[in-house]
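Bear in mind the structure is a predicted one, so any value in this text is a computation, not a measurement. In listed order, ligands and their atoms are each counted from 1.
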Amino acid sequence: MRARHVAVIGTGYVGLTTGACLASLGHTVVCADTDRAKIQRLREGRVGILEPGLADLVADGTAAGRLTWATGTGAVFAPAARPVELVFLCVPTPMGAGGLADLGILEAVVDEIRLLVPAGCVVVTKSTVPVGTAERLTQLLDRPDVAVVSNPEFLREGTAVQDFLHPDRIVVGSDRREAAEQVAGLYARLGAPTVLTDSASAELVKYAANCFLAMKLSYVNAVAELCDRVGADIVDVTEGMGHDRRIGQEFLSPGPGWGGSCLPKDTSALLQLADSADFEFRLVRAAIDTNIRQHKRMVDKIRVAVTGRQAGSLSKVRLALLGLTFKAGTDDLRDSPALAVAALLRQAGAEVIAFDPAVPPAGEQAARLPFAVAGDAYQAADGADAVVVLTEWPEFRHLDWARLAGTLRTRAVVDTRNLLDPAVLVRAGLTWTGLGRPVRSALPEEEAPEAVSSPAPVGAHP
Ligand code: UDX
């Protein structure tokens, strides 16, 4: 593998992972960002995002002299530096008006580098971009001596380094074959299956993959609802499904809805793309609708668990929410289903207090939330009526549930991730309500929440 000189524009979660991992593969990488303070922090070795292994790779790359930092986009082409052979564009493409990706930042960067890119250089888009973007950027660049290549990333937050260094596949698309091969060559050491294609196909792979995952999750959430209605157990159902290699065991856990910075954005963008191609993509539309409905279903479940009635009131009910991030292993709150459920609970009149291991009560994230954040689960549950698990942080399994049972006004725990061991909770004197599984109650059968017809034992609050 030939070591290349690479520039990465944008040091967000994708850019920083790309830069640090390419440096670890032996390439020389300069990472640029317009945020001066961020670059300063990176120079001091402070990564600023919760991503296992990333800080070590940044430190190793910096120590080896293969990873350097630049403030401002143009600085990566400084005349003294060795000519850049490949430029990775890793800037945000947020959801814009009507659900379509907003390419404003990407286009501004291309405009800025247009006259600075050395002849023969390859410009690579890593950001998720609508089909046709490579073509558009080629026109904007207006540099026949510079090729544009699409190389979508498939990194999951929380396992980004692992995903980068052990990818299921590498996808590279361009109408200039040689340039695509150069990009694929950067990853040669990884030995991953590589799909070399045209730019439109490469751009579509990312959307098609993420929307498929979203459909899979909405499907499993719907099957879990069916399990609730017919008395089946989703754990056994998904295990039975997952052994079929055509389906696979992954992405089969029901939850409060899928969220994060990618799936919601990419499903909307694919719908828009289909729309603009005069195609009604009903499957993706249904996946989104099912997801929105899932948030409401969680509130219904909580209502039944706490009040014992489908129509019970959550007014003044105090709920301890465990987990706020969109999944475990990240501190990211973007499009988190936990926040969507919290908002609906508050609309229904409930008081919520949350705890999340990645959201410190005195931090910036907590300050922006419209409800209180506690320092630990016990504090959150103190005086609460019930506990609701919204993110699958493994440590919640090992809480002292007997201690929590002592502080809760009702004995209800609603586990929207099927994370906890119901037997442990029942032994602690609690009633466990999950998704697509029978309620497990410490109470005698006739007093269990589902069977209760009178209002719940929710006490009035001082
Ligand atoms: C996703 C894609 O997986 C990744 O390939 C792409 O590059 C970026 O988008 P990410 O957003 O980090 O990654 O999260 P992911 O792990 O895919 O989870 C997405 C959502 O689905 C989360 O809210 C998660 O909690 C939920 N989920 C996932 C489930 O509810 N059940 C599952 O079994 C798996």
**Q.** Arg293 bridged to Glu225 by N-O distance under 4.0 Å
**A.** yes

(Q) Is there a polar contact between ligand 1 and Glu392, counting only N or O atoms under 3.5 Å apart? (A) no

**Q.** Taking atom 21 (O) of ligand 1 as the reference point, the nearest protein heavy atom with its distance
**A.** Leu217 CD1, 3.2 Å

Q. So which protein heavy atom does atom 3 (O) of ligand 1 come closest to, and at what separation?
A. Arg156 CG, 3.3 Å

Q: Please could you name the atoms of ligand 1 that Gly259 approaches to less than 4.0 Å, counting only its heavy atoms?
A: 19 (C), 20 (C), 22 (C), 23 (O)

Q: Please could you name the atoms of ligand 1 that Glu153 approaches to less than 4.0 Å, counting only its heavy atoms?
A: 7 (O)

Q) Which bit of Asp266 is near ligand 1, meaning a heavy atom under 4.0 Å away: side chain, backbone, both or neither? A) neither

Q. Out of Thr125, Ile170, Leu89, Val171, which one pairs with Asn151 under the side chain to side chain contact (heavy atoms under 4.5 Å, CB included) rule?
A. Ile170

Q: Could you tell me whether Lys206 and Glu153 have a side-chain N and a carboxylate O separated by less than 4.0 Å?
A: yes

Q) Which residue and non-hydrogen atom of the protein lie closest to atom 14 (O) of ligand 1, and at what distance in Å? A) Lys327 NZ, 3.3 Å

Q. Closest heavy-atom contact between Val373 and Val359?
A. CG1-O, 3.5 Å

Q: Pick one of side chain, backbone, both or neither for how Lys206 approaches ligand 1, counting any non-hydrogen atom pair under 4.0 Å.
A: side chain

Q: Within a distance under 4.0 Å of any heavy atom of Leu263, pick out the atoms of ligand 1 and give their elements.
A: 19 (C)

Q. For Leu155 and ligand 1, does the shortest N/O to N/O distance drop below 3.5 Å?
A. yes

Q) Under 3.5 Å, is there a donor-acceptor pair between the Gln294 and Arg297 side chains? A) yes

Q: Tell me yes or no: between the side chains of Thr290 and Ser218, is some donor less than 3.5 Å from an acceptor?
A: no

(Q) Can you confirm if the NZ or CZ of Arg169 lies within 45° of the ring axis of Phe154 and under 6.0 Å from the centre of its six-membered ring? (A) yes

Q) Do Trp393 and Val389 have side-chain heavy atoms sitting under 4.5 Å apart? A) no

Q) salt bridge (charged side-chain N to carboxylate O under 4.0 Å, His left out) with Arg41: which residues, sequence neighbours excluded? A) none

Q: Please report the closest heavy-atom contact between Tyr13 and Arg156, naming both atoms and the distance.
A: OH-C, 3.0 Å

**Q.** Glu157 N/O under 3.5 Å from ligand 1 N/O
**A.** yes

Q: Assess Ser253 for proximity to ligand 1: is some non-hydrogen atom of it under 4.0 Å away?
A: yes

Q.
Looking only at protein heavy atoms, which one is nearest to atom 2 (C) of ligand 1, and what is the separation?
A. Asn210 OD1, 3.6 Å

Q.
Applying side chain to side chain contact (heavy atoms under 4.5 Å, CB included) to Glu157 and Ser261, what does each step give before you reach the verdict?
A. CA-CA 9 Å; Glu157 288 189 30; Ser261 63; 3.3 Å; yes

Q. Going by the atom numbers of ligand 1, which of them fall below 4.0 Å from some non-hydrogen atom of Leu252?
A. 33 (O)

Q) For atom 11 (O) of ligand 1, which of Phe154, Trp258, Phe251, Phe326 has the closest heavy atom? A) Phe326

Q: Could you tell me whether ligand 1 has any atom less than 4.0 Å away from a heavy atom of Arg417?
A: yes

Q | Closest protein heavy atom to atom 9 (O) of ligand 1, given as residue, atom name and distance to 0.1 Å | A | Cys262 CB, 3.0 Å

